[in-house]
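Worksheet for the structure shown next.
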Amino acid sequence: MLEEIKERVLKANLLLTKYDLVKFTWGNVSEISPDRKYIVIKPSGVDYETMKASDMVVLDMEGNVVEGNLKPSSDTPTHLELYKKYKDIKAITHTHSRWATIMAQAKLDIKVAGTTQADYFYGSIPVTRDMTKEEIEEAYEKNTGKVIIECFEERHISPKDIPAVLVASHGPFAFGVDAKDSVFHSVVLEEVAFMNWHLEVLNKHQAVKQELLDKHYLRKHGANSYYGQN
């Protein structure tokens, strides 16, 4: 079942190595079915070099394996919490990419300083609060999803406008309209994290003008967008 989604999820996972977003098996991509009844996700701890579409795991929204012979990613409960909360999230990529993870471990938002970030993120990319001892010890992965949701809700952020988040002391999650799109946002996230870190080190970080943020984001994503081909 969901053979086309399995192929997309496989190809998206393989892009993580192409764009140097993961080492070994440190990452996963998932996509939800159009009826939002099932998700397809990478199996846990399987080498990218040997992965096949048939290895992708299909689960229902309660985390029960519906199809597949391998264990799903250990981060599956995080993905499920986000899918349940946000209809705009149709795919999720989680990595430990170097620069975004540095920002997550430093517990720094990726503040929007220029047009590269403004093209794809309508503001700063937030970092969550630290998880409590209880949240870590019981249902850790599910609580990771809940902490991400709490961060977005408290800051009045939509994952449609800010399709990424940093989990404090952990790493980045990025979202998209399909598996490939979520990887795309992970690549952009890594680039702007690299830029932000160096601006912090240089003590030269200045917020982009609101007018410039509006222009660059809305020309791609607004109601009257004009970037690209029709």
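If you read the sequence from its start, that first residue is 1, and numbering goes on from there. Below, each value reflects all heavy atoms present in this structure, side chains not excepted, and no hydrogens, waters or symmetry copies.
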**OP:** Tell me yes or no: between the side chains of Ser97 and Tyr19, is some donor less than 3.5 Å from an acceptor?
**Re:** no
**OP:** Would you check if there is a donor-acceptor pair between the side chains of Lys160 and Tyr86 at a distance under 3.5 Å?
**Re:** no
Identify each donor-acceptor pair in which a side-chain atom of residues 181-188 lies under 3.5 Å from a protein atom, sequence neighbours left out, and give them as a table.
| from | atom 1 | to | atom 2 | distance (Å) |
| --- | --- | --- | --- | --- |
| Asp181 | OD2 | Val177 | N | 2.9 |
| Ser182 | OG | Thr93 | OG1 | 2.7 |
| Ser182 | OG | Ala179 | O | 2.7 |
| His185 | ND1 | Phe175 | O | 2.7 |
| His185 | ND1 | Asp181 | O | 3.4 |
| Ser186 | OG | Ser182 | O | 3.1 |

Tell me, please, which residues at least two apart from [X] pass side chain to side chain contact (heavy atoms under 4.5 Å, CB included).
X	value
Thr17	Val22, Tyr48
Thr115	Leu212, His216
Asn203	none
His96	Trp26, His94, Thr101, His170

Is it true that a side-chain atom of [X] and a backbone atom of [Y] form a donor plus acceptor pair closer than 3.5 Å?
X	Y	value
Asn143	Ala139	yes
Glu200	Met195	no
Thr78	Lys142	no

Original post:
Just one of Thr95, Val165, Leu21 clears the side chain to side chain contact (heavy atoms under 4.5 Å, CB included) bar with Pro172, so which one?
Top reply: Thr95
Set of residues satisfying salt bridge (charged side-chain N to carboxylate O under 4.0 Å, His left out) with respect to [X], sequence neighbours excluded:
X	result
Glu153	none
Lys107	Asp130
Glu154	none
Asp178	none

**OP:** Begin from the C-alpha positions of Asp119 and Tyr227 and carry the test side chain to side chain donor-acceptor pair (under 3.5 Å) through to its verdict.
**Re:** CA-CA 10 Å; Asp119 277 338; Tyr227 179 89; over 6 Å; no
Subject >> Residue pairs involving residues 127-161 (criterion ring-ring contact (aromatic ring centres under 6.0 Å, His included); sequence neighbours excluded) >> reply: none
**OP:** Using the test ring pair (Phe, Tyr, Trp, His ring centres under 6.0 Å), find all partners of Phe194 that sit at least two apart in sequence or belong to another chain.
**Re:** Trp99, His198
Subject >> Asn224, CG atom: more than 12 neighbouring heavy atoms under 6.0 Å >> reply: no
Below 4.0 angstrom, N of the basic side chain to O of the carboxylate: do [X] and [Y] qualify?
X	Y	answer
Glu31	Arg8	yes
Glu67	Lys6	yes
Arg155	Asp109	yes
Lys215	Glu211	no

Original post:
In the hydrophobic cluster built from side-chain contacts under 4.5 Å, what are the other members alongside Tyr226?
Top reply: none
